[in-house]
J.: 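Here you go, one structure.
Because only heavy atoms are used, hydrogens play no part in the values below, and waters and symmetry mates are left out as well, while side chains stay in. Everything numeric here is computed off the predicted structure, so don't read it as measured data. Counting starts at 1 for both ligands and their atoms, in listed order.
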Amino acid sequence: MNSPNASFEAVPQLARVIPRDSHPISRSGISPDALRVLYRLRDAGYQAFLVGGCVRDLMLGNEPKDFDVATNALPEDVRRLFRNCRLIGRRFRLAHVFFGRDIIEVATFRAASAPEPGDEPMLDLEGEGEGEGDDGDAVDAAPAAQFDEPDVDRVVNEQGRILRDNVYGTIDQDVWRRDFTVNALYYNIADFSIWDYVGGFEDVMARRLRLIGDPETRYREDPVRMLRAARFEAKLGLELDHATSAPVAELRQLLASVPSARLFDETLKLFLTGHGARSYQVLKARGLLEVLLPSVARVVSRYPGGPVERLLVAGLENTDARVRNDRPVTPTFLFALLLYGPVAVEIESAPRDRWQDTGTILDAVDSAIRGIYSRVALPRRFALGVRDMFALQPRLEAPRGRRALRLLENPKFRAAFDLLALRAQCGMADPAIVEWWEKLQKAGPQQLASLAEGAEGGWPDGGSDDAAAPASSGEGGPGRPRRRRRPRSGRGPRPARG
Ligand code: ATP
Ligand code: MG
């Protein structure tokens with residue numbers, strides 16, 4: 001690792017300094033923990049800035065997700081200043097300062113352009129497997145000598161993708177490694193001014209997303225920036241400047257070379273942080289869905305506005321509403337939505353009389369998951385949940401007596417029921433059965449028993465024909481919207497209507 005002022009030769013450039021009275025960021029919007037970290041660094045004689053998404057979000061009047069600090073203190077200096085501090089990262093060390101469950105990330109200025117710590121693609125030379133999730137690279141620091149690292153500070157592959165980069169630098173070098181101008185603003189705790197080297201201040205004001213430097217080079221260095229652009233477009237309503245959007249059509253295939261564990265993380269950020277429905281539209285419009293999730297893109301482009309796409313969009317809208325209301329969301333449910341089309345296609349390729357078989361359904365789910373795995377590596381625990389959700393569909397559609405009550409206790413019941421409700425909403429399941437389950441979930445012990453007994457003979461037609469078949473097309477054949485079934489009087493559970 002290098003000391004500050006190391007080799008990278010950035011063009012020396014002066015920052016435009018926007019004084020406190022000319023920008024909207026007030027300390028009352030900054031987390032007290034982040035302020036504590038900034039003040040302590042400043043009092044110890046170091047430069048200390050807030051940087052990245054938090055400055056952008058504060059300027060836009062949004063509540064930042066987290067607060068990142070950039071400083072000229074080296075990681076070891078930061079550790080000395082904070083008792084509640086841990087150094088993480090193998091190739092590039094950064095400090096995590098803990099305040100209960102909150103973490104303030106403190107990074108030493110770095111030279112050159114590099115993916116964020118934890119976002120770095122794995123270096124194949126080192127023979128490591130791919131990480132899983134955010135912590136893929138965020139392990140305790142170990143002595144560098146333990147990792148047989150090549151004796152260079154920057155490693156780039158033949159497509160120009162940065163594989164490793166670990167040069168400490170100064171703030172006017174740090175700025176060039178950041179992706180978009182709006183993500184490269186520094187809020188200086190010394191005088192509460194904002195430092196802007198790249199025109200990010202105007203871009204935030206104009207709600208414009210612009211890559212720093214030559215767009216093609218920056219996308220080649222790290223193709224994930226194309227997904228980040230889509231995410232900021234969807235999340236913040238920023239307009240991509242032409243030079244930033246134009247190369248995406250041609251370069252999007254480079255995403256295929258990004259480790260699939262990292263693309264899984266990006267997929268969650270796109271779809272599980274409150275703007276999933278918009279992310280879907282942006283990814284589709286920019287041709288990125290085709291590269292990220294080709295099998296999903298194939299179904300929706302074959303049947304635009306069909307039941308599969310309606311289910312996906314309605315499911316994403318529900319998920320967005322849950323995020324807004326601080327309710328939990330899960331990758332399992334998300335991937336059941338995303339994979340609904342590919343699973344339907346698989347099921348429909350089996351003989352019709354097998355569509356309901358658990359074996360057919362599980363094979364279809366496994367095959368759909370395998371189909372996306374080289375791009376988006378769905379961790380096994382979520383894959384198992386997706387299997388359960390699909391396997392439960394025929395049982396939910398044909399509840400039988402007291403066995404239905406046992407289903408209520410299944411850990412995946414709620415997720416599977418939510419999927420059933422979406423299917424009904426999109427014409428792929430009987431709304432009456434959804435109402436029946438709703439009633440059952442709300443019922444007290446007495447009513448539960450009588451409802452269940454009402455279904456003792458089974459839900460008529462349930463378990464026959466295409467009751468559980470997901471419809472990929474919604475027009476004729478297996479995909480036709482299903483005819484509405486009614487329970488026979490006295491036998492099936494009579495759903496309350498009206
Ligand atoms: P969010 O609100 O989603 O957290 P963010 O901009 O803070 O958005 P992070 O992934 O938290 O995104 O990254 C923090 C900062 O690190 C970014 O603002 C940007 O300056 C820099 N950064 C992150 N990823 C990249 C990348 N792939 N290439 C260049 N710079 C990046
Ligand atoms: Mg952030």
J.: Of the backbone atoms (N, CA, C, O) and the side-chain heavy atoms from C-beta on, which set of Phe180 has a member under 4.0 Å from an atom of ligand 1: side chain, backbone, both, or neither?
T.: neither

J.: Tell me which part of Arg262 gets within contact of ligand 1: side chain, backbone, both or neither, using heavy atoms under 4.0 Å.
T.: side chain

J.: Between Phe413 and Phe417, what is the ring plane arrangement, given parallel below 30°, perpendicular above 60°, and tilted in between?
T.: parallel

J.: For Leu254 and Arg220, work out which heavy atoms get closest and say how close.
T.: CD1-CG, 3.9 Å

J.: Find all atoms of ligand 1 within a distance of less than 4.0 Å from any non-hydrogen atom belonging to Gly52, and give their numbers and elements.
T.: 18 (O)

J.: What heavy-atom pair brings Met226 and Leu288 nearest, and what distance separates the two atoms?
T.: O-CD1, 3.7 Å

J.: Please identify which atoms of ligand 1 are closer than 4.0 Å to at least one heavy atom of Lys235.
T.: 1 (P), 2 (O), 3 (O)

J.: Would you call the rings of Phe49 and Phe109 parallel, tilted or perpendicular if under 30° counts as parallel and over 60° as perpendicular?
T.: tilted

J.: Yes or no: does Glu221 have any heavy atom under 4.0 Å from an atom of ligand 1?
T.: no

J.: In Asp66, what N, O or S atom is nearest to the Mg ion (ligand 2), if we give its atom name?
T.: OD1

J.: Determine, considering heavy atoms only, which of Glu105, Glu266, Arg56 sits nearest to atom 6 (O) of ligand 1.
T.: Arg56

J.: Purely on distance, is any nitrogen or oxygen of Lys269 under 3.5 Å from one on ligand 1?
T.: no

J.: Would Arg40 and Asp43 pass as an ion pair if we require N to O under 4.0 Å?
T.: no

J.: Run the numbers for me: atoms of ligand 1, each under 4.0 Å from some heavy atom of Arg231, listed by number.
T.: 1 (P), 3 (O)

J.: Nearest to atom 15 (C) of ligand 1 by heavy atom, Arg218, Arg178, Arg225: which?
T.: Arg178

J.: Have a look at ligand 1 and work out which part of Lys65, if any, has a heavy atom under 4.0 Å from it: side chain, backbone, both or neither.
T.: side chain

J.: At their closest point, which heavy atom of Ala391 faces which heavy atom of Leu362, and how far apart are they?
T.: CB-CD2, 3.9 Å

J.: Examine the proximity of ligand 1 to Arg177 and report which part, side chain or backbone, both or neither, has a heavy atom under 4.0 Å away.
T.: backbone

J.: Does ligand 1 have an atom that lies less than 4.0 angstrom from a heavy atom of Arg228?
T.: yes

J.: Suppose I only count heavy atoms of Phe232 and a 4.0 Å limit; which atoms of ligand 1 are within that range?
T.: 6 (O), 8 (O)

J.: So which heavy atom on Arg310 is nearest to which on Gly305, and how close?
T.: NH1-O, 3.0 Å

J.: For Asp222, which part has a heavy atom under 4.0 Å from ligand 1: side chain, backbone, both, or neither?
T.: side chain

J.: Has Arg27 got its NZ or CZ under 6.0 Å from the middle of the six-membered ring of Phe192, at an angle within 45 degrees of the ring axis?
T.: yes

J.: What are the atoms of ligand 1, with element, lying closer than 4.0 Å to any heavy atom of Asp68?
T.: 14 (C)

J.: If you take all heavy atoms of Val308 and Gly341, which pair is closest and at what distance?
T.: CG1-CA, 3.5 Å

J.: At what distance, to the nearest 0.5 angstrom, does CG of Leu227 lie from CZ of Arg286?
T.: 12.0 Å

